[in-house]
Amino acid sequence: MDAAIDMDMDSQKQASRWQRIYRVVRRIPHGRVASYGLVAQLAGLPRQARQVGYALHALKRGSRVPWQRVINARGEISQRAEPEAERLQRALLESEGVRFDARGRVELARFAWRPKR
DNA sequence: GCAATGACGCTCT
DNA sequence: CAGAGCGCCATTG
């Protein structure tokens, strides 16, 4: 039980760091995408794009965080252990109107989120 | 505490 | 424009 408590505390410790990341991701408008690097920067964690991926990976279903709108700087859906999640992400984005080219990349010039600040 | 890992990014070729 | 290489940094074993 102590172990469970410790584990929970660790989770919250990370949550405080990831909390900022989730807050930024929630700001991404419907039908728009943002890169991990941009999210990291807006979350006040410059040069920590990888941590954004880590944080999103830790998300649970029903988290209300539009994780599907976060892709890499090349406009591609990043690969991961579960190829299934990758297809789901693309399906979700397409249902929002985001288009993919033949190479499976998003036209960033048209769909990249450009926050005023 | 060191070494490996990862939903990444930028530069150079 | 595509691929390879190197850099970054918190988390994990």
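Naming: A, B, ... by sequence-line order, numbering from 1 per chain.
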Tell me the interatomic distance from [X], atom [atom1], to [N], atom [atom2], rounded to whole angstroms.
| X | N | atom1 | atom2 | value |
| --- | --- | --- | --- | --- |
| Leu59(A) | dA7(B) | CG | P | 13 Å |
| Arg20(A) | dA10(C) | CZ | P | 12 Å |
| Leu45(A) | dT11(C) | CG | C1' | 14 Å |
| Asn72(A) | dA2(C) | CG | P | 13 Å |
| Arg80(A) | dC8(B) | CZ | C1' | 13 Å |
| Trp18(A) | dA10(C) | CH2 | C1' | 9 Å |
| Arg105(A) | dA7(B) | CZ | P | 20 Å |
| Gln41(A) | dC10(B) | CD | C1' | 14 Å |

Choosing from [options], which nucleotide comes nearest the side chain of [X]?
| X | options | result |
| --- | --- | --- |
| Gln89(A) | dA10(C), dA7(B), dA2(C) | dA7(B) |
| Tyr36(A) | dT12(C), dA7(B), dC10(B) | dA7(B) |
| Tyr54(A) | dC8(B), dT12(C), dA7(B) | dT12(C) |
| Gln51(A) | dA10(C), dG9(B), dA2(C) | dA10(C) |

Exercise. Give a yes-or-no answer on whether the side chains of Gln89(A) and Arg80(A) include a donor-acceptor pair shorter than 3.5 Å.
Key: yes

Quick one: label [X] by what it contacts on the DNA or RNA (base, sugar-phosphate, nothing), any heavy atom closer than 4.0 Å.
| X | answer |
| --- | --- |
| Arg47(A) | sugar-phosphate |
| Gln79(A) | sugar-phosphate |
| Gln48(A) | sugar-phosphate |

Quiz prompt | Side chain Arg50(A) and base dC8(C) donor-acceptor under 3.5 Å | solution = yes

Quiz prompt | Side-chain N,O (Arg74(A)) to OP1/OP2 (dC10(B)) below 4.0 Å | solution = no

Quiz item: Less than 4.5 Å apart, any side-chain heavy atom of Gln48(A) and any of Ile21(A)?
Solution: no

Quiz item: Any Lys/Arg nitrogen of Glu96(A) or Arg69(A) sitting under 4.0 Å from an Asp/Glu carboxylate oxygen of the other?
Solution: yes

Quiz item: Does Gln79(A) CD have over 12 foreign heavy atoms under 6.0 Å away?
Solution: no

Quiz item: Do we get Arg99(A) above Phe111(A)'s six-membered ring, with its NZ or CZ under 6.0 Å from the centre and within 45° of the axis?
Solution: no

